[in-house]
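As the structure lists them, so they are numbered: ligands from 1, and atoms in each ligand from 1. Here, residue 1 is the first one in the sequence, and each next residue gets the next number. Everything quoted here is computed from the prediction, not taken from an experiment.
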Amino acid sequence: MPEMNTEENHLQYTPERAEQLLQNYRRVLERIRAAEQDHSAVRTEVSAPVQLVTVTKFFPASDAAALLDGGVTLFGENRDQEASAKARELAAYCAQREVQPPHWAFIGQLQTNKAKSVVKYASSVHSVDRPSLADALAKAYANQLSRFEAGEAPAPAAAEHGALTCLVQVSLAEVATAGHAAEGARGGTSASELLELVERIENHEHLRCGGVMAVAPLGMNPDEAFEKLYGLASLVREQVPHATEISAGMSGDLEAAVRWGSTCVRVGSDIMGKRPAL
Ligand SMILES: *Cc1c(COP(=O)(O)O)cnc(C)c1O
């Protein structure tokens with residue numbers, strides 16, 4: 001099929017680029033393994049190993065292919081248009097090689113009208129920040145599943161896990177003054193609305209609340225931010241015992257996040273390289 005050849009050519013990468021990406025990836029893994037040994041905050045001997053989501057945004061699918069061929073299976077993206085195209089290219093690449101396609105975590109702000117697209121490729125959404133988005137994801141998942149059962153479409157990507165894992169993105173910024181976003185805010189629900197949103201997710205048949213996610217606010221000490229997140233995550237876990245995930249930590253602050261109980265770090269630039277300026 002000529003179309004397949006195009007995909008194949010498109011995903012070619014040089015051995016130098018592959019080596020660079022994998023070396024960066026291994027360095028980040030070493031940083032995570034070292035941070036796991038820091039028991040000065042909430043980690044203990046028996047804490048689970050931290051997962052690494054490789055954030056491929058702004059970088060070509062061929063880079064993801066190079067990482068995949070080196071054994072990396074979990075990628076993150078923050079914009080649907082870019083993510084859906086990349087996931088499709090990688091799926092075709094894997095089909096040719098008869099290997100399992102990677103998992104995609106959606107980590108960015110999401111409009112409800114994109115839910116339809118996201119459930120096709122994402123096995124988790126780390127950025128659920130409002131009830132309307134949970135509802136839209138549940139509806140999109142149900143639609144995709146019934147089209148699959150009717151033989152009209154592929155199953156939702158999360159169907160192999162039985163439900164779409166949703167993390168609630170919380171804002172760690174100080175309370176906003178009325179009408180203005182809090183300084184340094186990076187999106188997310190307020191702490192006061194967190195438990196309600198967790199409940200909303202859990203009440204949807206096809207969604208499962210996996211835990212919480214946050215980005216440390218600009219200008220806030222990361223340890224302070226992630227300590228606060230750990231407190232909120234503990235409240236969530238009291239309400240929903242299986243919601244144990246804490247998605248926190250990026251290239252610049254992963255050590256602080258791991259110290260404060262992060263179970264999943266999302267790293268882009270320290271693996272992929274500097275993002276092109278927008
Ligand atoms: C881009 C992005 C990351 C990765 O950030 P780096 O600083 O490049 O490691 C993590 N989380 C979210 C939500 C992002 O958008």
Side-chain angles (χ1 to χ4, degrees), residues 20-32 34-35 50-61 63-64 67 72 74-87 102-111 114 118 121-130 133 137 165-173 181-182 184-189 210-223 225-226 228-229 232-233 245-278:
Q20 177 187 43
L21 287 166
L22 288 165
Q23 192 175 60
N24 292 345
Y25 181 86
R26 285 191 295 263
R27 285 214 182 102
V28 168
L29 264 191
E30 280 165 25
R31 281 171 64 194
I32 295 170
V50 174
Q51 271 198 311
L52 170 56
V53 176
T54 300
V55 180
T56 45
K57 69 187 185 200
F58 296 113
F59 288 88
D63 279 352
L67 285 158
V72 178
L74 178 57
F75 296 108
E77 285 283 337
N78 72 338
R79 290 184 309 160
D80 171 61
Q81 208 181 3
E82 183 178 346
S84 58
K86 227 175 270 182
H103 296 286
W104 296 92
F106 192 86
I107 63 171
Q109 287 208 341
L110 185 56
Q111 293 171 279
K114 301 282 167 61
V118 168
Y121 60 84
S123 43
S124 63
V125 177
H126 289 211
S127 45
V128 178
D129 59 356
R130 59 198 192 282
L133 180 56
L137 288 166
T165 298
C166 293
L167 306 188
V168 176
Q169 183 176 355
V170 287
S171 167
L172 300 175
R186 313 275 294 261
T189 191
V212 296
M213 178 273 227
V215 178
L218 296 168
M220 188 175 185
N221 174 305
D223 277 275
F226 296 130
K228 189 166 164 184
L229 180 63
L232 295 170
E245 300 284 334
I246 302 178
S247 169
M250 322 200 302
S251 294
D253 58 17
L254 72 87
E255 281 83 1
V258 170
R259 185 155 51 239
W260 288 102
S262 170
T263 63
C264 175
V265 300
R266 311 174 307 270
V267 176
S269 40
D270 278 359
I271 296 173
M272 310 306 295
K274 228 169 108 117
R275 280 191 282 281
L278 284 179

Could you find the nearest protein heavy atom to [atom] and give me its residue, atom name and distance?
atom                    : answer
atom 15 (O) of ligand 1 : Lys57 NZ, 2.7 Å
atom 11 (N) of ligand 1 : Arg266 NE, 2.9 Å
atom 10 (C) of ligand 1 : Met250 SD, 3.2 Å
atom 9 (O) of ligand 1  : Ser251 OG, 2.5 Å

Tell me whether the count of non-hydrogen atoms from other residues, nucleotides or ligands lying under 6.0 Å of CD in Gln109 goes above 12.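 No - once you tally the heavy atoms of other residues, nucleotides and ligands closer than 6.0 Å, there are 12 at most.
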
So, applying side-chain contact (heavy atoms from CB on, under 4.5 Å) with Val267, which one of Leu254, Asn24, Val55, Thr54 is it?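 Among the candidates, only Leu254 passes.
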
Contact check: Asp270 vs ligand 1, nitrogen or oxygen atoms, below 3.5 angstrom: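 No: no nitrogen or oxygen of Asp270 is under 3.5 Å from one in ligand 1.
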
Can you find an N or O of Val215 that's nearer than 3.5 Å to an N or O of ligand 1?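 No: no nitrogen or oxygen of Val215 is under 3.5 Å from one in ligand 1.
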
Which of the atoms of ligand 1 are close to [X], meaning less than 4.0 Å from one of its heavy atoms?
X      : result
Val267 : 9 (O)
Asn78  : 15 (O)
Ser269 : 6 (P), 7 (O), 8 (O), 9 (O)
Ile107 : 11 (N), 12 (C), 13 (C), 14 (C)

Ligand 1 versus Met272, non-hydrogen atoms closer than 4.0 Å: side chain, backbone, both, neither?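 Neither; no heavy atom under 4.0 Å.
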
Within reach of ligand 1, part of His126 (heavy-atom separation under 4.0 Å):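 The answer is neither.
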
With distance as the sole criterion, is a donor-acceptor pair present between the side chains of [X] and [Y] under 3.5 Å?
X      : Y      : value
Asp80  : Tyr121 : yes
Arg130 : Thr189 : no
Thr263 : Gln51  : no

Taking Arg27 first and then Asp270, would you say they form a salt bridge - that is, a charged N and a carboxylate O separated by under 4.0 Å?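 The answer is no: the pair does not qualify as a salt bridge.
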
Before giving the answer on side-chain contact (heavy atoms from CB on, under 4.5 Å), spell out for His126 and Gln169 the whole-Å C-alpha distance, their side-chain angles and the decisive distance to 0.1 Å. CA-CA 7 Å; His126 289 211; Gln169 183 176 355; over 6 Å; no

What do the steps show when you test Lys86 against Glu82 for salt bridge (Lys or Arg N to Asp or Glu O under 4.0 Å), and what is the final call? CA-CA 6 Å; Lys86 227 175 270 182; Glu82 183 178 346; 2.8 Å; yes

